[in-house]
Amino acid sequence: MRPGELTTFEQMQLIARAAAAQAMSTPSMLRLRLGHYPTGTLALRKRPLPDTKLCSEALDHAKGSLSPAVLNHSLRCWIWADVFAQIDAIEYDPEDLFTACALHDVGLGAEGSAEHGCFTYISAADAEELTTRVGASERSIKRIGEAIRLHMDLTVDRDVGADAYLLHAAAHFDVAGRRAPEVPRAAVHAAIAEYPRTGFTDEFAQSMRREVELRRLSRAATLWRSGMAPPLRTNPLDWKSR
């Protein structure tokens with residue numbers, strides 16, 4: 001098997017875990033839909049894009065590799081990652097985290113790979129090549145690659161590392177609204193105004209269907225077949241009332 005591919009048993013486990021996670025999130029999503037938002041408001045800072053050579057190269061590469069809709073998703077993920085870092089009181093390296101956010105989807109929907117069995121592995125390899133060329137430390141290269149490879153997992157624990165944990169939280173929030181009740185509405189409105197979601201849901205769905213065709217044994221393909229479309233289509237970030 002290629003790196004990133006799942007056995008039949010692993011696919012069955014992932015589908016079962018995805019169904020359980022969806023069931024657990026349903027009550028909180030219904031409360032949001034009914035307008036029952038948390039009363040507390042967290043004062044959040046807005047961290048600017050890191051001004052380093054690595055981040056500049058990563059952003060340029062993302063702009064050249066991604067469609068406008070997916071590029072905006074990647075830049076929103078940077079904002080969401082910082083939001084969750086504040087909510088969860090996690091310290092992180094801005095350069096490494098931004099690079100992981102910017103490049104985590106460069107392999108999404110890419111042509112078939114003889115070497116990699118999941119688009120996250122394609123994205124990670126691409127990011128590792130760029131970070132090596134720019135001269136990042138071995139530690140940063142490893143952390144960025146690992147964060148990207150793990151971001152399609154259902155869960156990522158804190159002890160895996162700040163970059164992996166925060167990118168995962170950010171990507172799942174932007175795609176399916178996971179942890180939406182925890183994020184202040186003002187932060188949501190501001191981020192979407194800066195990086196609009198126009199066309200993202202349809203394009204992401206199309207890319208996931210392509211992943212099923214190209215890499216049927218991957219986590220992405222398995223999650224899509226298990227019923228990822230409804231959470232994507234009912235993401236509270238797309239509700240006009242928010």
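All heavy atoms count here, side chains included; hydrogens, waters and symmetry mates do not. From a predicted model like this one, the values you see are computed outputs, not experimental measurements.
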Considering all heavy atoms of both residues, which atom of A124 and which atom of I148 are nearest to each other, and what is their separation? N-CG2, 3.6 Å
Over all heavy atoms of both residues, which pair between A18 and S226 is shortest? Give the atoms and the distance, please. CB-OG, 4.0 Å
Cluster link L59 to W78, ILVMFWY, side chain under 4.5 Å: yes
Over all heavy atoms of both residues, which pair between L150 and A164 is shortest? Give the atoms and the distance, please. CD1-CB, 4.1 Å
Considering residues, nucleotides and ligands other than K46, do more than 12 of their heavy atoms fall under 6.0 Å from its NZ? yes
Under the side-chain contact (heavy atoms from CB on, under 4.5 Å) rule, what do I122 and D126 come out as? Steps first, then yes or no, please. CA-CA 6 Å; I122 298 173; D126 190 81; 5.7 Å; no
Where do D82 and R45 land on the salt bridge (Lys or Arg N to Asp or Glu O under 4.0 Å) test, with the steps shown first? CA-CA 9 Å; D82 182 59; R45 68 174 186 274; 3.0 Å; yes
Look at the side chain of D157 and the backbone N and O of D159, then say whether any donor-acceptor pair between them is shorter than 3.5 Å. no
Is there a path of hydrophobic side-chain contacts, each under 4.5 Å between heavy atoms of I/L/V/M/F/W/Y residues, joining Y92 to F84? yes
Student check: side-chain heavy atoms of L130 and L54 closer than 4.5 Å: yes
Nearest heavy-atom neighbours spanning L214 and G109: CD1-O, 4.0 Å
Exactly one of Y165, F119, Y121 should register a ring-ring contact (aromatic ring centres under 6.0 Å, His included) with H151. Which one does? F119
Value rounded to 0.5 Å, distance of CD in E10 from CD in Q13: 7.0 Å
Give a yes or no on whether the backbone of H116 and the side-chain of R215 come within a donor-acceptor separation of less than 3.5 Å. no
Would you say H172's side chain and T155's backbone share a donor-acceptor pair under 3.5 angstrom? no
Would E213 and R209 count as a salt bridge (Lys or Arg N to Asp or Glu O under 4.0 Å) here? Give the steps. CA-CA 7 Å; E213 296 173 1; R209 287 191 288 268; over 6 Å; no
Does the side chain of D202 come within less than 4.5 Å of Q206's, by heavy atoms? no
How many angstroms lie between atom OG1 of T222 and atom CG of L6, to the nearest 0.5 angstrom? 5.0 Å
Please report the C-alpha distance between D88 and R179 in whole Å, then the side-chain angles of each, then the deciding distance to 0.1 Å, and finally whether the salt bridge (Lys or Arg N to Asp or Glu O under 4.0 Å) criterion is met. CA-CA 12 Å; D88 295 338; R179 296 186 65 179; 2.8 Å; yes
Does a sphere of radius 6.0 Å around CZ in R133 hold more than 12 heavy atoms from other residues, nucleotides or ligands, not counting ones at 6.0 Å or beyond? yes
Of all heavy-atom pairs linking E95 and T52, the shortest is OE2-OG1, 2.8 Å
According to a 4.5 Å side-chain heavy-atom criterion applied to Ile, Leu, Val, Met, Phe, Trp and Tyr, with indirect links allowed, do I15 and L223 form part of one hydrophobic cluster? no
Give the cluster check for Y195 versus L167: same hydrophobic cluster or not, with ILVMFWY residues linked at side-chain heavy-atom distances below 4.5 Å. yes
Test your reading of the model: is there a side-chain donor-acceptor pair from D93 to the backbone of D96, 3.5 Å cut-off? yes
For the pair F173 and W80, name the ring-plane relationship: parallel under 30°, tilted 30 to 60°, perpendicular over 60°. perpendicular
With a 4.5 Å limit on heavy-atom distance, are the side chains of T99 and E57 in contact? no
Kindly confirm or rule out a cation-pi arrangement of R76 over F200, judged by NZ or CZ under 6.0 Å from the six-membered ring centre and within 45° of its axis? yes
Tell me whether the count of non-hydrogen atoms from other residues, nucleotides or ligands lying under 6.0 Å of CG in D51 goes above 12. no
Gap separating the OG atom of S140 from the CD atom of E128, nearest 0.5 angstrom: 12.0 Å
How many angstroms lie between atom CZ of R149 and atom CZ of R219, to the nearest 0.5 angstrom? 9.5 Å
Would you say the side chains of E203 and S67 form a donor-acceptor pair under 3.5 Å? yes
Minimum heavy-atom distance R197-T201, with the two atoms named: NH2-OG1, 4.2 Å
Aromatic centroids of H104 and H168 separated by under 6.0 Å: no
Kindly work out whether a path of hydrophobic side-chain contacts (I/L/V/M/F/W/Y, heavy atoms less than 4.5 Å apart) joins L103 to F204. no
Run the numbers on V188 and W239 for side-chain contact (heavy atoms from CB on, under 4.5 Å), then give the verdict. CA-CA 11 Å; V188 171; W239 296 350; over 6 Å; no
With heavy-atom distances below 4.5 Å as the criterion, would you say the side chains of E146 and V160 are in contact? yes
Between D163 and I144, is the side-chain contact (heavy atoms from CB on, under 4.5 Å) condition met? List the steps. CA-CA 7 Å; D163 305 299; I144 291 166; 6.0 Å; no
Out of curiosity, R47 CZ to Q86 CD, how far, rounded to the nearest 0.5 Å? 8.5 Å
Tell me, please, which residues at least two apart from K142 pass side chain to side chain donor-acceptor pair (under 3.5 Å). none
Would you say that more than 12 heavy atoms from the other residues, nucleotides or ligands in this model lie under 6.0 Å from the CD of E129, or not? no
Interatomic distance, CZ@R178 vs CG@N235, rounded to 0.5 Å, equals 12.0 Å
Could you check L66 against N72 for side-chain contact (heavy atoms from CB on, under 4.5 Å), going step by step and ending with a plain yes or no? CA-CA 9 Å; L66 302 173; N72 278 356; over 6 Å; no
Counting only heavy atoms not in E194, do more than 12 sit closer than 6.0 Å to its CD atom? yes
